[in-house]
Asker: 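Have a look at this one.
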Amino acid sequence: MTLLAKRVNKKGRYAAPMSRTTKPLVADDVEIVRRVLAHVDGGTTDEGTPWREPVENYLNPHRFTQEWNLLRAMPSAFVPSAAIPNKGDHVERVTFGVPLFAVRGHDQRARVFRNACRHRGFALVEDAGCSHALVCRYHGWTYRLDGSLAHVPHAHGFPDLDMSARGLIEVPSYEADGLIVIGAIDSDGARSSNADADEAMAWLTDGTTWRDKLLPIDRVVSVESFRLAINWKVLIEQFLEGYHIRWTHKETLPNLYDNLTVVETFGPNSRVTFPYDAIERLRDRPESTWVGRPPLTFVYHLFPNVIIGAFPQLVQVVVIDPIDVADSEVVYYTMTRADVGPGMELDGEEPLDPAELLPYIFRVVAEDNEVSAGVQRGFRAGANKFVEFGRHESAIGHFHASLGDRLAQFAATQAHAPL
Ligand code: FES
Ligand SMILES: [Fe+2]
């Protein structure tokens with residue numbers, strides 16, 4: 001396996017990772033196709049450990065507070081790099097309750113800042129855009145793309161202002177393999193700069209498993225966000241099993257196999273691969289032709305709250321932001337490559353235009369969110385003490401096990417932290 005060692009330096013930036021590689025974290029495409037065809041022949045699917053998650057863990061505000069504190073103290077993927085490809089591009093996001101934004105500097109480096117002007121705190125970035133400088137629209141304080149304060153109108157009115165000390169407040173960040181990842185955003189950075197956070201950062205910045213899917217991306221097709229009355233963990237779960245395909249997506253995904261997935265885990269993360277029935281055409285072709293764009297969708301869960309859906313035609317990065325115990329904000333970044341478009345031939349698939357695919361994709365998204373809302377309502381029925389996940393839903397059990405482990409580690413850290 002590859003594990004990266006990384007430390008936050010004095011300026012709050014993550015030092016370049018050192019990697020030590022032994023074996024790949026996930027199977028290559030040829031091996032995945034082999035495993036899928038064996039499952040097709042056997043009428044089987046990957047199976048792991050079943051899991052029972054207490055319903056209380058989705059409803060209890062105290063439990064939510066524990067999760068919230070953990071999420072704010074740990075690294076997480078912030079936005080895909082493709083959201084800010086050019087100098088001056090910026091995008092904002094409220095992350096675990098904290099308004100932040102990312103901007104690409106003149107030096108091409110992506111930086112993440114707390115989204116508050118240093119005058120009276122107005123949100124500096126209100127929408128995605130591109131500019132040479134960041135100008136607060138309240139009174140005109142102006143910041144360079146590296147966050148330093150460049151101009152204050154009528155500056156003589158602030159006799160004690162040291163402009164060199166009033167730049168924007170940066171959040172530690174690291175860009176690798178198509179993602180911008182942030183460190184802890186709680187106000188007590190010292191507590192979260194521990195070995196656990198370093199290891200968590202390593203699992204988010206070692207993109208060996210998704211690099212080939214995300215790095216070629218150079219075009220954002222759409223950014224959509226929804227506020228949903230659904231606990232954040234239910235929204236994660238909906239991506240991580242193929243057991244619901246035949247029932248929930250009967251009309252929209254008829255070409256996906258019913259309950260046939262390949263499940264792999266790496267650190268707290270997982271990858272679930274969903275095959276299309278066109279994969280059977282590969283049987284008659286040499287294995288050397290199985291690479292490229294086989295008819296598979298790879299769904300990565302990057303712990304804690306980001307999903308990468310790599311479809312043959314496009315890639316979707318989905319960020320699930322908890323708001324409170326029963327509400328979440330979900331942002332879908334749908335992206336593709338410049339060479340994917342009308343007339344493009346896919347292995348075993350019809351040529352498709354990513355733009356034409358969007359309404360269809362969001363029909364599938366709506367189906368998933370509708371059943372997740374139903375799960376959320378069902379919690380209140382008082383019927384179940386726990387939610388049951390089968391052997392074929394093992395990536396979900398892995399998520400809950402990882403979360404449970406980290407909550408326990410975090411509680412232990414807090415118990416020993418100096419007051
Ligand atoms: S709050 Fe930004 S310039 Fe006043
Ligand atoms: Fe689904």
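All values derive from a computational prediction rather than experimental measurement. When a residue number appears, it is its place in the shown sequence, counting from 1. Just so you know, ligand 1 is whichever comes first in the structure, and atom 1 is the first atom listed for that ligand.
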Asker: Please list, in number order, the atoms of ligand 1 under 4.0 Å from a heavy atom of R120.
Answerer: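 Here the atoms of ligand 1 in question are 1 (S).
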Asker: With a 6.0 Å cut-off on the ring centroids, do H151 and Y143 count as close?
Answerer: no
Asker: Taking the ring of W203 and the ring of Y300, is the distance between their centroids below 6.0 Å?
Answerer: no
Asker: By number and element, which atoms of ligand 1 are closer than 4.0 Å to a non-hydrogen atom of F122?
Answerer: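 Going through ligand 1 atom by atom, the ones under 4.0 Å from F122 are 1 (S).
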Asker: Looking at H119 versus F158, is the centre-to-centre ring distance below 6.0 Å?
Answerer: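 Yes; F158 has its ring centre under 6.0 Å from that of H119.
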Asker: Can you check side-chain hydrogen bond (donor to acceptor under 3.5 Å, both in side chains) on D146 and H106, steps first, answer last?
Answerer: CA-CA 8 Å; D146 66 3; H106 291 294; over 6 Å; no
Asker: Of all N, O or S atoms in H249, identify the one at the shortest distance from the Fe ion (ligand 2).
Answerer: NE2
Asker: Suppose we only allow N, O or S atoms; which atom of H119 ends up nearest to atom 4 (Fe) of ligand 1?
Answerer: ND1
Asker: Report yes or no: does E367 have an N/O/S atom closer than 2.8 Å to the Fe ion (ligand 2)?
Answerer: no
Asker: Around atom 2 (Fe) of ligand 1, find the nearest protein heavy atom and jot down its residue, atom name and distance.
Answerer: C136 SG, 2.3 Å
Asker: Output the list of atoms in ligand 1 that are nearer than 4.0 Å to some heavy atom of H139, sorted by atom number.
Answerer: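 Once the distances to H139 are compared, the set is 1 (S), 3 (S), 4 (Fe).
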Asker: Between W232 and Y58, is the ring centre distance below 6.0 Å?
Answerer: no
Asker: Which ligand 1 atoms does W141 reach within 4.0 Å, using its non-hydrogen atoms?
Answerer: 3 (S)
Asker: Can you confirm whether L100 sits close enough to R93 that some side-chain heavy atom of one is under 4.5 Å from a side-chain heavy atom of the other?
Answerer: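 SC-SC contact between L100 and R93 ruled out.
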Asker: Taking the ring of Y332 and the ring of F226, is the distance between their centroids below 6.0 Å?
Answerer: yes
Asker: Only heavy atoms of G140, strictly under 4.0 Å: list the atoms of ligand 1 that pass.
Answerer: 3 (S)
Asker: Do NZ/NE/NH1/NH2 and the carboxylate oxygens of E56 and K385 come within less than 4.0 Å?
Answerer: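 Salt bridge between E56 and K385, a charged N being under 4.0 Å from a carboxylate O: no.
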Asker: For the Fe ion (ligand 2), which N, O or S atom of H244 is at the shortest distance?
Answerer: NE2
Asker: Restricting to N/O/S, name the atom of D368 that gets closest to the Fe ion (ligand 2).
Answerer: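 This residue's closest N, O or S atom turns out to be OD1.
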